[in-house]
Chemist: 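Quick one: structure below, then a few questions.
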Amino acid sequence: MPLIYIKGDITKINVDAIVNAANSSLLGGGGVDGAIHRAAGEELLFECRLLGGCKTGQAKITKGYKLPAKQVIHTVGPVWHGGDNGERELLYSCYKNSLALAKENGCESVAFPLISSGIYGYPKAEAMQVAVEAIKEFLQDNDMLIYIVLFGDNALRLDDRLYAGVNSYIKSTYTSPAPPLAAAQAVGAKPAVPGSSFKSILFKQKKAKPAPPDGGAKASVTAEEVCDEEAEVCFGAAADLSVSLDERLKYLDESFSQMLLRLIDEKGMTDAQCYKKANIDRKLFSKIRSDISYHPKKPTAVAFAIALELPMPQARELIEKAGYSLTHTNKFDIIIEYFITNGRYDVFEINEALFAFDQCLIG
Ligand code: AR6
C-alpha cells in the first residue's frame, strides 16, 4: 500500500527517512521537531548547524543518528494566517520538495507528520488534504512507501459533512453481528469461497425475504435471518446478473485475478493506472497478475473494486471472487458500501474515512 495513515509517534518508526516539521533556523523547537531532536541526540543538532537554515516550503536532509529512521528530512511549513497568504502552495512545496529529496537519497520509505498542523496552526483537515494531494501526485510517477503519521487522539478530523454522512449511514445500516457461525452453517449459509460467487448467489436468492422496511439495526438475529441477510446482501448482484445469464455463466469459473485483469481491459485502463488508483504496490500487483489463483486480502480486493469504479453488484462479485462478502454487520463493509453507492471512488478519501472510524485501510 503506497500511502498509509498510522497513529503514533514518528520518532519510533523504522523507515528510510522521517520528515521533521522544523522552523527556518533548523536548530530545533517544540512539537515534533523537539521530539525528533530529543530522540536523535545532540549529533543531529551539530549537523543541523552546518546547514545554514531552510526557507519555508524547502527541505534539507541529515542523518538519523539515534532514531530508528536512517535519515531526517527537515522541512519548514507555513504559519497559518487565515489561508489567503499562499499557505496552501507553501505546504504543498514542503511535501513535494521533501519527497524529491527522499528520492534523490534513495529512500524507499518515508514518514511524514502533518506539517504545520500543530504550533503553526494550519487546520488539520485542510493540512491533510494538501498532504494527500501532494503525495498522490508524487506516487503517479514514483514507487515509494509513504506514511502519514497522525499523533494524539484527535489526530484526524474528517471534513464535517463527509463525517456526518458516513456516520448516519453506519447508524441506519448497521445490523448486529450474527449468532454463532455453527448455527448459521446448520441452515446452509456458507462463507463465500473463491470462484463460488455465482452459485452461492443463486442459492441464497431462493431464500431471500424482503428487507425490514425501516432498515434499522436489530437487537439480535436468528440463524434463519442470517441466511436471509446474506441473501439480501447478495440479492442485488443476483438481480443484476439475471440480465445476462449466459454472459455470467461464461465467467463462472473465473478466478479473482482473471476477473480483475478482464475488468481492467474492459475499462480501458492500464495496469499501472489501476494499481496506483487502488493504492496497491506494484510488486503485489505483479504477483496477482502472474498467479491466476492468487488469494488477496479483503482490503486489496475492495481497493480494486474501488479503483475500477464498479457499481455495487459488480463490486460484490469481484470481492466474492476473492472469498469475501460485504455485509451490514461491520463498519468497514458499511463504509465501503456508502462510498460505492454514492459514486465516490477515491481510495484516499475512503481511507481517511476508514481511519477516522478506526477501521483497517484498503489497498
Ligand atoms: N509524532 C508524530 N506527529 C507529531 C509528534 C510526534 N512525536 N509530535 C507532534 N506531532 P508541530 P508545526 C504532530 O507543532 O505545526 C516547532 O517548534 C502534531 O500533532 O510539531 O509545523 C518547530 O520548530 C501536529 O499534527 O509542527 C516550528 O517552530 C504535527 O505533528 C513549529 O513547531 C505538526 O505539529 C512548526 O510547527
Side-chain angles (χ1 to χ4, degrees), residues 3-42 44-49 51-62 64-83 85-99 101-102 109-135 145-159 352 355-356:
L3 173 58
I4 305 176
Y5 309 128
I6 49 174
K7 281 185 189 160
D9 179 351
I10 204 166
T11 65
K12 306 273 192 289
I13 296 178
N14 188 355
V15 279
D16 289 336
I18 58 169
V19 177
N20 180 17
N23 59 58
S24 58
S25 76
L26 297 188
L27 300 179
V32 71
D33 194 7
I36 289 174
H37 274 270
R38 279 193 298 280
E42 60 183 8
L44 177 62
L45 182 60
F46 299 154
E47 188 178 350
C48 281
R49 284 197 183 123
L51 296 176
C54 181
K55 291 195 179 130
T56 305
Q58 302 293 309
K60 296 203 174 168
I61 194 163
T62 63
Y65 299 101
K66 292 183 184 153
L67 289 161
K70 294 187 194 80
Q71 302 178 88
V72 181
I73 293 170
H74 306 261
T75 188
V76 184
V79 177
W80 178 257
H81 289 297
N85 296 280
E87 290 95 332
R88 187 182 170 85
E89 292 72 23
L90 287 166
L91 187 56
Y92 195 94
S93 301
C94 287
Y95 287 95
K96 195 174 161 190
N97 291 325
S98 298
L99 288 165
L101 202 52
S109 54
V110 174
F112 282 92
L114 213 46
I115 300 162
S116 282
S117 73
I119 293 165
Y120 281 179
Y122 211 108
K124 273 198 173 21
E126 291 172 36
M128 183 76 180
Q129 256 181 15
V130 178
V132 172
E133 206 177 291
I135 293 168
L145 183 55
I146 302 174
Y147 296 90
I148 296 182
V149 183
L150 299 153
F151 190 67
D153 281 349
N154 238 341
L156 175 62
R157 191 77 192 94
L158 261 194
D159 166 71
E352 278 180 51
F355 190 86

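Each ligand, and each atom within it, is numbered from 1 in the order the structure gives. Just so you know, these numbers use all the heavy atoms, side chains as well, and skip hydrogens, waters and symmetry mates.
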Chemist: Return the orientation label for the F355 and Y5 ring planes: parallel under 30°, perpendicular over 60°, tilted otherwise.
Modeler: perpendicular
Chemist: Could you go through H37 and V72, starting from their C-alpha distance and side-chain angles, then the distance that decides it, and tell me whether this counts as side chain to side chain contact (heavy atoms under 4.5 Å, CB included)?
Modeler: CA-CA 10 Å; H37 274 270; V72 181; over 6 Å; no
Chemist: Go through ligand 1 atom by atom and flag the ones less than 4.0 Å from a non-hydrogen atom of D33.
Modeler: 22 (C), 23 (O)
Chemist: What residue and heavy atom of the protein are closest to atom 20 (O) of ligand 1, and at what distance?
Modeler: V32 N, 2.7 Å
Chemist: Among all protein heavy atoms, pick out the one at the shortest distance from atom 32 (O) of ligand 1; state its residue, atom name and that distance to 0.1 Å.
Modeler: I119 CD1, 3.3 Å
Chemist: Does E87 reach the main-chain N or O of G83 with its side chain, forming a donor-acceptor pair under 3.5 Å?
Modeler: yes
Chemist: Let me confirm one number: the CD1-CG distance from I135 to L3, rounded to the nearest 0.5 Å.
Modeler: 5.5 Å
Chemist: Identify the closest protein heavy atom to atom 1 (N) of ligand 1: which residue and atom is it, and at what distance?
Modeler: I10 N, 3.0 Å
Chemist: Provide the number and element of each atom of ligand 1 under 4.0 Å from a heavy atom of A21.
Modeler: 21 (O), 22 (C), 26 (O), 35 (C)
Chemist: For Y122, does its backbone N or O pair with a side-chain atom of S117 as donor and acceptor, under 3.5 Å?
Modeler: no
Chemist: Grab the two heavy atoms, one from A39 and one from T11, that are nearest each other, plus how far apart they are.
Modeler: CB-CB, 3.9 Å
Chemist: For ligand 1, which atoms, with element, lie under 4.0 Å from some heavy atom of D9?
Modeler: 1 (N), 6 (C), 7 (N)
Chemist: Near G8, which atoms of ligand 1 are under 4.0 Å from a heavy atom of that residue?
Modeler: 1 (N), 2 (C)
Chemist: Which protein heavy atom lies closest to atom 13 (C) of ligand 1, and at what distance to 0.1 Å?
Modeler: F151 CB, 4.0 Å
Chemist: Distance to 0.1 Å, residue and atom name: give those for the protein heavy atom nearest to atom 21 (O) of ligand 1.
Modeler: S116 N, 2.8 Å
Chemist: What do the steps show when you test V149 against V32 for side chain to side chain contact (heavy atoms under 4.5 Å, CB included), and what is the final call?
Modeler: CA-CA 11 Å; V149 183; V32 71; over 6 Å; no
Chemist: Could you check whether any heavy atom of L114 sits closer than 4.0 Å to an atom of ligand 1, since that is the contact criterion I want to use?
Modeler: yes
Chemist: For a 4.5 angstrom cut-off between non-hydrogen side-chain atoms, does T75 reach N97?
Modeler: no
Chemist: Heavy atoms of the protein only: does one fall short of 4.0 Å from atom 27 (C) of ligand 1?
Modeler: yes
Chemist: Please could you name the atoms of ligand 1 that G30 approaches to less than 4.0 Å, counting only its heavy atoms?
Modeler: 16 (C), 17 (O)
Chemist: Would you call S25 a ligand 1 contact, heavy-atom distance under 4.0 Å?
Modeler: no
Chemist: Tell me which protein heavy atom sits closest to atom 31 (C) of ligand 1, plus the residue, atom name and distance to 0.1 Å.
Modeler: Y120 CE2, 3.5 Å
Chemist: Any side-chain heavy-atom pair from V15 and V110 closer than 4.5 angstrom?
Modeler: no
Chemist: Are the side chains of H74 and L44 in touch, meaning some heavy atoms are under 4.5 Å apart?
Modeler: yes
Chemist: Hey, does G77 sit under 4.0 Å from ligand 1 if you only count heavy atoms?
Modeler: no
Chemist: Specify the closest pair of heavy atoms between F151 and G8, including all atoms of both residues, with the distance to one decimal.
Modeler: CD1-O, 3.1 Å
Chemist: Starting from atom 24 (C) of ligand 1, which protein heavy atom do you reach first, and at what distance in Å?
Modeler: S117 OG, 3.3 Å
Chemist: With a cut-off of 4.0 Å, which atoms of ligand 1 are near a heavy atom of K124?
Modeler: 19 (O), 25 (O)
Chemist: Which residue and non-hydrogen atom of the protein lie closest to atom 15 (O) of ligand 1, and at what distance in Å?
Modeler: G118 N, 2.8 Å
Chemist: For the 3.5 Å polar cut-off, considering only N or O atoms, please tell me whether V149 and ligand 1 meet it.
Modeler: no
Chemist: Please confirm whether the backbone N or O of G53 pairs with a side-chain atom of K60, one donor and one acceptor, at under 3.5 Å?
Modeler: yes
Chemist: What are the atoms of ligand 1, with element, lying closer than 4.0 Å to any heavy atom of G31?
Modeler: 20 (O)
